[in-house]
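None of these values were measured; they are calculated from a predicted model. Within every chain, numbering begins at 1; the chains are lettered A, B, ... in the order of the sequence lines, protein sequences first and strands thereafter.
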Amino acid sequence: MVTQIISTMETQVSNGPTSNSGLPNGPPLSANGAADDSKTNLIVNYLPQNMTQEEFKSLFGSIGEIESCKLVRDKITGQSLGYGFVNYVDPNDADKAINTLNGLKLQMKTIKVSYARPSSASIRDANLYVSGLPKSMSQKEMEQLFSQYGRIITSRILVDQVTGVSRGVGFIRFDKRIEAEEAIKGLNGQKPLGASEPITVKFANNPSQKTGQALLSHLYQTTARRYTGPLHHQTQRFRLDNLLNMAYGVKRFSPITIDSMTSLAGVNLTGASSGGWCIFVYNLSPEADESVLWQLFGPFGAVTNVKVIRDFATNKCKGFGFVTMTNYEEAAMAIASLNGYRLGDRILQVSFKTSKQHKA
DNA sequence: TGGTATT
């Protein structure tokens, strides 16, 4: 398992050689001679911690041809930093990826897909740590306070995990480092309007001063998770309820693109394993595409691949597809939850793939 | 001082 992790640490996926900038048919060039990928290059934020480069490429490759993509990882530990870049060949596919994958729920996360800003030193280290905020101040109010110094990319107020009350601590990421510097000059030690205490504004700690212990802990968890065998049925059902609540929140039968949950069928335990657990999904509509499979199965855990089987002549879905999931527990829960599930006007049949599936 | 927004 350690070997597997290390072998993917420096993986980069790219189709074709480095572009011949400036040659006929090469990419468009901006004024300074750099390739202009502003219409094709996307940044993807809030990825699940355990998503791999291969899963990342598979998800975004389902939209269109990828020029290159990279899941950004910690240089030392190899752990995902939770974001990545996808550069498409066709600007239309970049636009399509934003429209179809932005907001996609994967496990506990809702991913964000947007155009990447041109890479530049001026946009680095622009994240601020703010403390001493009035507990009553909302994220919106905090943004209003800081927006006079520049364009805010993200903001967050930390809350008590139990009560949900503000801890008076937050983060503000500006578009440009100089904007962050100006905000420190203007707001550090100042009292917001109506506040009784001054706030502290400084640059946020750079993430990732990971210790060797953190690396070992990560490797241990990764290794331990792979060999979990079948669970007792009761345990499975309990875990299923928990997972649905985690994935879908209180309205657990109403995920974004799914209109109703009609049944929770039993788990078919006959599936085989090799490089993951292959799941057979039957009764998809002719219009079904890969994104629907990502949306259906993504919330249940690590999905490494999805495939809609299409008719060669018409390119319409032949009514079925396959999903590969890494972990047995997650695959079993996805099957238990999605078998019998009504998608549009169709009742899905979902099971582990068997060698004689067509007889069903 | 969190979850991870510039390769």
Could you state the [atom1]-[atom2] distance from [X] to [N], rounded to the nearest angstrom?
{"X": "A/Phe174", "N": "B/dT6", "atom1": "CZ", "atom2": "P", "result": "15 Å"}
{"X": "A/Tyr88", "N": "B/dT7", "atom1": "OH", "atom2": "P", "result": "20 Å"}
{"X": "A/Glu179", "N": "B/dA5", "atom1": "CD", "atom2": "P", "result": "17 Å"}
{"X": "A/Asn127", "N": "B/dT1", "atom1": "CG", "atom2": "C1'", "result": "10 Å"}
{"X": "A/Arg173", "N": "B/dG2", "atom1": "CZ", "atom2": "C1'", "result": "11 Å"}
{"X": "A/Asn41", "N": "B/dT6", "atom1": "CG", "atom2": "C1'", "result": "9 Å"}
{"X": "A/Glu67", "N": "B/dT7", "atom1": "CD", "atom2": "C1'", "result": "13 Å"}
{"X": "A/Asn205", "N": "B/dT1", "atom1": "CG", "atom2": "C1'", "result": "6 Å"}

Extract all donor-acceptor atom pairs below 3.5 Å that involve side chains of residues 108-116 of chain A and protein atoms in other chains or at least two apart in sequence.
from	atom 1	to	atom 2	distance (Å)
A/Lys109	NZ	A/Leu47	O	3.4

Can you pull the salt bridge (Lys or Arg N to Asp or Glu O under 4.0 Å) pairs that have at least one residue in residues 300-328 of chain A, sequence neighbours excluded?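 Non-adjacent pairs meeting salt bridge (Lys or Arg N to Asp or Glu O under 4.0 Å): A/Glu287-A/Lys316, A/Glu290-A/Arg310.
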How would you list all residue pairs meeting salt bridge (Lys or Arg N to Asp or Glu O under 4.0 Å) that involve residues 153-172 of chain A, not counting sequence neighbours?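 The answer is none; no pair qualifies.
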Can you tell me whether the side chain of A/Arg124 and the base of B/dT6 have a donor-acceptor pair closer than 3.5 Å?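 Counting by modelled atom types and ignoring angles, no donor-acceptor contact under 3.5 Å is found here.
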No-H, no-angle donor-acceptor pair, A/Asn45 side chain to B/dT4 base, under 3.5 Å: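 A donor-acceptor contact between them is absent.
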From [options], pick the nucleotide closest to the side chain of [X]?
{"X": "A/Lys112", "options": "B/dA5, B/dT6, B/dT1", "answer": "B/dA5"}
{"X": "A/Lys109", "options": "B/dT1, B/dT6, B/dT4", "answer": "B/dT4"}
{"X": "A/Tyr129", "options": "B/dA5, B/dT1, B/dT7", "answer": "B/dT1"}
{"X": "A/Ile123", "options": "B/dT6, B/dT1, B/dT4", "answer": "B/dT6"}
{"X": "A/Ser119", "options": "B/dT7, B/dG2, B/dA5", "answer": "B/dT7"}

Would you call the rings of A/Phe85 and A/Tyr83 parallel, tilted or perpendicular if under 30° counts as parallel and over 60° as perpendicular?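 Plane angle over 60°, so perpendicular.
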Tell me whether the rings of A/Tyr328 and A/Phe352 are parallel (<30°), tilted (30 to 60°) or perpendicular (>60°).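 Plane angle under 30°, so parallel.
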Using only side-chain N and O atoms of A/Lys202, determine if any of them is under 4.0 Å from OP1 or OP2 of B/dT1.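 So the side chain of A/Lys202 is outside the cut-off, no N or O lying under 4.0 Å from OP1 or OP2 of B/dT1.
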A/Arg156 side chain N/O closer than 4.0 Å to the phosphate oxygens (OP1, OP2) of B/dT4?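 Negative; the distance criterion is not met.
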For the student: nearest non-hydrogen atoms of A/Leu145 and A/Met137, plus distance: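 That would be CD2-CE, 4.3 Å.
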Could you list the residues that satisfy salt bridge (Lys or Arg N to Asp or Glu O under 4.0 Å) with A/Arg151, not counting sequence neighbours?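 If we apply the salt bridge (Lys or Arg N to Asp or Glu O under 4.0 Å) test to A/Arg151, skipping adjacent residues, the hits are A/Asp175.
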Less than 3.5 Å apart, which donor and acceptor atoms pair up between the side chains of residues 182-203 of chain A and the rest of the protein, not counting sequence neighbours?
from	atom 1	to	atom 2	distance (Å)
A/Glu182	OE2	A/Lys185	NZ	3.3
A/Asn188	OD1	A/Val201	N	2.9

Face-to-face stacking of A/Phe171 with B/dG2, centres under 5.5 angstrom, angle under 30°: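 Yes; centroid distance and tilt both under limits.
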Once you apply a heavy-atom cut-off of 4.0 Å, does A/Leu158 come out as touching a base, just sugar-phosphate, or nothing?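 Counting heavy atoms under 4.0 Å across all strands, the contact made by A/Leu158 is with sugar-phosphate only.
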For DNA chain B, the residues among residues 135-149 of chain A that have a non-hydrogen atom under 4.0 Å from it: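 Residues of residues 135-149 of chain A under 4.0 Å from DNA chain B: none.
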